[in-house]
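Every value quoted in this text rests on a predicted model; they were computed, and no experiment measured them. What you see below is based on every heavy atom in this structure, not just the backbone, and it leaves out hydrogens, waters and symmetry mates. Proteins come first, then strands; the chains are lettered A, B, ... in the order of their sequence lines, and each starts at number 1.
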2 protein chains.
Amino acid sequence: MLPVKISTRGQYGVRAMTVLAARYGDGPIPVRDIAAAQGLSQSYLEQLLGPLRRAGLVRSVRGPEGGYYLASQPSEVSVGDVLRVLEGPLSPVDCVDEDSDPGLCSREDGCPARKVWVMVRDSVNRVVDSVSLQDLLSGEDLDGRRSVDGAASGSVL
Amino acid sequence: MLPVKISTRGQYGVRAMTVLAARYGDGPIPVRDIAAAQGLSQSYLEQLLGPLRRAGLVRSVRGPEGGYYLASQPSEVSVGDVLRVLEGPLSPVDCVDEDSDPGLCSREDGCPARKVWVMVRDSVNRVVDSVSLQDLLSGEDLDGRRSVDGAASGSVL
DNA sequence: GACAATCCCGAGTAGGTTAGTCAGGAAAGC
DNA sequence: GCTTTCCTGACTAACCTACTCGGGATTGTC
């Protein structure tokens, strides 16, 4: 009944990444510490770090003193980067998912609803791409930070 | 793996409402016709029209020549109105859902990720509230129509 | 080289949700 | 009454989520 949700994969993934961002430069952080810092299940979190590593967002070191660390500076990793790895394309409906089969929506251009799904998709992507892990750590509220273009904030889109 | 989705309830609901919008003023449209116009299951669609009627978005007439019709003009019904009835609050994660228990997220203000969920929630709500059924019917693309404030379009939010 | 810490990976699973179907009852018009 | 339509609730198959678990591979330390 309320399925416009980001799953725990994405939620936990972003939270885990903020932990790594906060300790950027401290060397590898073991999964145990990341999980403890955010109150997450360690074995579940391991499942999320695999994809993030394969996507190049984090790097890992095995053995004692091992763990995970951010591959880039916290300001260079966007929430969108993390979410797309863990959730797949951020598209509210399949028929506007650019990566999937184009034959899914037989209605294509004739579907009046399609327009709004595109707008929602683009809006969500713009927001998550505009917020970096660094932004999440800073105490200040962000309403238009890391703006993609120079327009004033507050527009409906 | 890609669960940032609007369910079929919301999708079909909006599509059904565009049918009613296109035939606004024609009197009641039977469910059979609505379903046929958009290629939906009639009995499933009946399940969606119940909540929409109880929410006051559509009205119904029973008996022969009966059916459903929009309670307001197509320009006065937003996609957000429809989605909130069928999907519940449009909130990407429970911890920023204003209508639910506030005790869900024990982290509350300490959670760095919370900020971005609020931004996503507000962004999605602004978009769907800014698009009316009328907007979906008109052929033109809408990039900033029915703007809530006067700012130029194209801002990141 | 043994040991321990850690990453790493796939299998399995309980529970919930989604996307429907189906049967039947209640109004309303002819 | 008869038909048309709305209206409701029960039911269900399939899928997905959010995990747990077991074990293997790597690396550093003694």
Side-chain angles (χ1 to χ4, degrees), chain A residues 1-16 20 26-36 38-55 57-71 83 86-88 92-94 104, chain B residues 1-16 20 26-36 38-71 83 85-88 92-94 104:
Chain A
M1 178 71 172
L2 357 83
V4 195
K5 293 268 175 275
I6 293 171
S7 72
T8 56
R9 281 176 69 91
Q11 292 180 49
Y12 294 180
V14 170
R15 283 164 62 185
L20 295 185
D26 290 2
I29 317 289
V31 179
R32 179 183 4 97
D33 290 10
I34 306 172
Q38 282 286 322
L40 306 175
S41 148
Q42 176 171 341
S43 45
Y44 189 41
L45 191 51
E46 279 178 344
Q47 284 199 347
L48 310 182
L49 286 163
L52 290 171
R53 178 180 50 78
R54 269 170 247 129
L57 296 183
V58 301
R59 288 201 244 273
S60 63
V61 179
R62 291 179 167 195
E65 302 295 300
Y68 290 89
Y69 60 97
L70 282 191
L83 289 180
L86 295 174
E87 302 267 357
V93 303
D94 287 331
L104 273 179
Chain B
M1 179 71 172
L2 356 82
V4 195
K5 295 267 175 275
I6 293 172
S7 72
T8 56
R9 281 175 68 90
Q11 293 181 47
Y12 294 0
V14 170
R15 284 164 62 185
L20 295 185
D26 290 2
I29 318 288
V31 179
R32 178 183 4 99
D33 290 11
I34 306 172
Q38 282 285 323
L40 306 175
S41 147
Q42 176 171 342
S43 45
Y44 189 41
L45 191 52
E46 279 179 344
Q47 283 199 346
L48 310 183
L49 286 163
L52 290 171
R53 179 179 50 79
R54 270 170 246 128
L57 296 183
V58 300
R59 288 201 244 275
S60 63
V61 178
R62 291 179 168 195
E65 301 296 301
Y68 290 88
Y69 59 97
L70 282 192
L83 289 180
V85 167
L86 295 174
E87 302 266 355
V93 303
D94 285 333
L104 273 178

Nucleotide-resolved protein contact map, nucleotides 2-15 of chain D, B/S/- at heavy-atom distance under 4.0 Å: --BBSBS-B-----
Interatomic distance where CZ belongs to B/Arg9 and P belongs to C/dT17 [whole Å]: 13 Å
Protein-nucleotide distance (A/Ile6, atom CD1; D/dA18, atom C1'), rounded to Å: 16 Å
Exceeds 12 heavy-atom contacts within 6.0 angstrom, atom CD of B/Gln42: yes
Gap between atoms CG and P, on A/Leu48 and C/dC8 respectively (whole Å): 13 Å
Between C/dT6 (C1') and A/Tyr69 (OH): distance, integer Å: 15 Å
Contacts of type side chain to side chain contact (heavy atoms under 4.5 Å, CB included), residue A/Val61, not counting sequence neighbours: A/Pro28, A/Tyr69
Main-chain N/O of A/Arg9 paired to A/Glu87 side chain as donor or acceptor, under 3.5 Å: no
Check: B/Val85 and B/Arg54 side chains under 4.5 Å, non-hydrogen atoms: no
Rounded interatomic separation in angstrom, taking CG from A/Leu45 and C1' from D/dC19: 12 Å
Short side-chain N/O contact from A/Tyr12 to OP1 or OP2 of D/dC19, under 4.0 Å: yes
Under-4.0 Å side-chain N/O to phosphate OP1/OP2 contact, B/Ser41 with C/dT21: yes
Minimum side-chain heavy-atom gap A/Tyr68-A/Leu52 below 4.5 Å: no
Whole-Å gap separating P (C/dA19) and CG (A/Asp94): 10 Å
Point-to-point distance, once rounded to the nearest 0.5 Å, from CD of A/Gln11 to CG of A/Leu48: 11.0 Å
Nucleotide D/dG22, atom P - distance to OH of A/Tyr44 in whole Å: 20 Å
